[in-house]
Amino acid sequence: MDEVRREKLDKLIELGINPYPYKFDRTHLSEDIKANFEAVEGQTVSIAGRLMANRGMGKAAFLDLQDPAGRIQGFLRQNDLGEEGFALYKLLDIGDIVGITGEVFRTKTGEISVKAQTLVLLSKSLRPLPIVKEKEDESGEKTVFDAFADKELRYRQRYVDLVVNPEVREVFVKRSAIIGEIRRQFADNGWLEVETPILQPIYGGASARPFKTHHNALDMPLYLRIANELYLKRLIVGGFDGVFEFAKDFRNEGMSRFHNPEFTQVELYVAYKDYHWMMEMTENLIAAVAQRVNGSTKTVFGEHEVDFKPPWPRLSIYGGIEKYTGKNLANASEAELFAAAKDLHLPVDKTWGPGKIVDEIFGEFVEPKLIQPTFIVDHPVFLSPLAKKHRSEAGLVERFEAVVCGKEIANAFSELNDPLDQRERFEAQVALREQGDDEAQMLDDDYLRALEYGMPPTAGIGIGIDRLTMVLTNQHSIRDVLLFPHMRPEGSDKE
RNA sequence: GGGCCCGUAGCUCAGUCGGUAGAGCAGCGGACUUUUAAUCCGUAGGUCGGAGGUUCGAAUCCUCCCGGGCUCACCA
């Protein structure tokens with residue numbers, strides 16, 4: 001804490017000023033005034049926000065107030081405020097929350113401003129804020145001085161980041177709009193938003209290592225969910241024909257630019273539909289979200305311009321491999337697959353099965369090339385223990401992944417609703433687990449019991465909200481679309 | 001987990017060949033009643049991430065530790 005500011009706080013109290021009053025009646029946001037200047041010129045308005053700049057001129061001053069809509073200048077004169085009011089100004093610091101009531105006018109340099117009749121302190125700030133300044137040159141280009149750019153500090157003290165870096169705020173406004181638009185569209189279709197357990201006795205619905213915890217009263221292990229898929233499908237069994245949930249999922253795996261231990265997916269299950277229907281729903285949905293958030297189906301991501309306008313191309317796993325490596329592996333034997341990998345200089349592990357090799361070749365040589373939105377369809381059975389077998393292609397399932405900018409943003413299938421087949425797939429997973437694959441799925445007897453009662457044909461999808469947000473906001477690290485990305489604990493050398 | 005890089009004032013950064021630390025902004029004092037990176041004068045501010053080592057002497061060289069960034073692997 002800053003000692004000088006503590007002293008100012010004491011002086012304010014001595015002057016009989018409450019540094020933390022209870023309310024303020026704001027009449028206008030900065031943008032309301034700036035956008036409607038002709039209408040409000042000469043009117044008395046009340047604005048409130050954080051003091052971001054203070055240009056003192058002796059017995060007058062110009063303050064920049066920042067509110068959720070932007071910034072606006074306040075103009076103070078001792079003549080207007082009186083000596084007492086001006087004494088308050090003298091004790092203000094950048095970062096304080098203040099309210100100004102006065103007349104809207106334009107200064108002689110043209111800046112739309114509020115001429116203070118009264119100035120009130122709404123909250124005293126006791127810590128200095130990083131001061132970011134910017135200058136706009138004649139061409140309108142902005143140069144930023146002393147940017148608050150240290151990524152660690154920005155993530156750890158996101159509240160400061162949000163105050164001083166307006167573009168950060170924009171990302172999270174868009175994230176909210178993305179979620180809002182998806183929710184609205186789903187609800188408009190009559191699908192039901194539900195909540196399912198985060199603490200699960202048996203985790204399932206994905207291949208990943210979980211976080212484990214313990215319930216004291218029942219003295220039993222519980223897992224934080226890695227997906228909510230199996231619970232949502234139980235609800236389809238129960239007769240809800242469309243259910244969705246925006247879910248925080250938790251995976252106990254490495255962190256990277258694309259991975260945070262907790263992340264958000266929206267999962268949706270719709271009865272009587274298949275994955276072809278789901279593809280159309282998805283491309284229309286994402287295009288609508290992009291339109292809503294960015295005003296266009298086109299968006300810039302790094303050096304690329306991406307267009308979500310439907311329809312998106314459909315590309316099979318083997319078709320993609322053939323397109324980008326020239327190798328037709330659709331009916332290749334295991335030996336031929338190993339040979340193909342060697343030919344492509346892809347390091348392989350002897351323990352890999354054929355599905356794994358195909359997956360690796362695809363991930364290495366095809367996925368990174370898929371910049372425009374593309375549906376990758378029809379995956380090997382062994383990679384997809386919850387997906388329904390392909391209606392015409394042996395060894396494959398009816399599954400698709402939506403890929404954009406070389407990254408998967410959604411994963412969907414025609415859901416496996418044959419309880420006997422599902423039991424066999426689970427048992428194969430258990431066998432894998434016994435061989436040491438700690439990402440293999442667990443056998444969920446209650447889920448099988450639910451399927452045995454009968455689940456209608458169903459299409460399901462999970463859409464990665466974080467990654468979708470990255471693409472639509474041109475952010476290249478997941479940490480920049482999470483308000484509070486996971487960090488190691490702060491060391492003892494830090495406050 | 002591997003590799004590369006980084007850690008100096010509240011913020012952004014300099015600091016040469018090893019000789020006990022600088023700038024701008026913010027702060028503090030002063031001038032200024034239409035400024036906008038306000039300006040001008042003055043001033044204060046540091047366990048140089050931490051610990052050890054080499055050395056007459058370490059922000060600087062070496063070792064270890066802590067924290068971070070990027071990247072590769074696994075994954076969504």
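Each chain gets a letter, A, B and so on, in the order the sequences are listed, and its residues count up from 1.
A straight line from CD of Gln265(A) to C1' of rA76(B) spans 7 Å, rounded to a whole angstrom. Taking atom CG of residue Asp359(A) and atom P of nucleotide rA73(B), one finds them 14 Å apart after rounding to whole Å. Rounded to whole angstrom, the span from the CZ atom of Arg156(A) across to the C1' atom of rG49(B) amounts to 13 Å.
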| message | Run the side chain to side chain donor-acceptor pair (under 3.5 Å) test on Tyr89(A) and Asn54(A) for me, step by step, so that the C-alpha distance in whole Å, both residues' side-chain angles and the decisive distance to 0.1 Å come before the verdict. | response | CA-CA 10 Å; Tyr89(A) 157 72; Asn54(A) 171 17; 2.8 Å; yes
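When distances run from any side-chain atom of Arg251(A) to the nucleotides rG68(B), rA76(B), rC11(B), the shortest one goes to rA76(B). Nearest to the side-chain atoms of Ser256(A) among the listed nucleotides rU34(B), rU36(B), rC74(B) stands rC74(B). Listed nucleotides: rU34(B), rG67(B), rU36(B). Nearest to the side chain of Gln73(A): rU36(B). Comparing rU34(B), rA38(B), rC11(B) by their closest approach to the side chain of Phe148(A) singles out rC11(B). Comparing rC74(B), rU35(B), rA76(B) by their closest approach to the side chain of Arg467(A) singles out rA76(B).
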If you restrict it to nitrogen or oxygen atoms, what contacts under 3.5 Å exist between nucleotides 46-48 of chain B and the protein, and what is each distance?
none

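In this structure, Glu167(A) places its CD atom where more than 12 heavy-atom neighbours from other residues, nucleotides or ligands lie under 6.0 Å away.
By the 4.5 Å heavy-atom criterion applied to side chains, Trp312(A) and Glu283(A) are counted as neighbours. In this structure, Tyr324(A) and Phe362(A) have side chains that are not in contact, with every pair of non-hydrogen atoms separated by 4.5 Å or more. Using a 4.5 Å cut-off on side-chain heavy atoms (C-beta onward), Ile463(A) and Leu285(A) make contact. Looking at heavy atoms from C-beta onward, Val98(A) lies in side-chain contact with Leu65(A) at the 4.5 angstrom threshold.
Regarding contacts with the backbone of rU35(B), every side-chain N or O of Arg55(A) stays at 4.0 angstrom or more from both OP1 and OP2. Residue Arg257(A) places at least one side-chain N or O closer than 4.0 Å to OP1 or OP2 of rU71(B).
Here rG7(B) sits opposite rC66(B) as a Watson-Crick or G-U wobble pair (both hydrogen-bonding atom distances under 3.5 Å). Nucleotide rC32(B) forms a pair with no other nucleotide shown, judged by Watson-Crick or G-U wobble geometry with both contacts under 3.5 Å.
Remark: the Thr109(A) side chain and the rU35(B) base include a donor-acceptor N/O pair separated by less than 3.5 Å.
We find that Glu103(A) and Lys115(A) are not joined by a salt bridge, their nearest charged nitrogen and carboxylate oxygen being 4.0 Å or further apart.
Aromatic pair Phe186(A)/Phe244(A): centroids less than 6.0 angstrom apart.
Where stacking is scored as ring centres under 5.5 Å apart with planes under 30°, Phe258(A) does not register as stacked on the base of rA76(B).
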| said: For a quick check, with a 4.0 angstrom heavy-atom cut-off, what is the B/S/- contact string for nucleotides 26-33 of chain B, read 5' to 3'? | reply: S-S---BB
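Take the nearest nucleotide of RNA chain B for Asn260(A) and for Pro130(A): the residue whose nucleotide is more 5' is Pro130(A).
A donor-acceptor contact shorter than 3.5 Å links the side chain of Arg433(A) to the backbone of Ala440(A).
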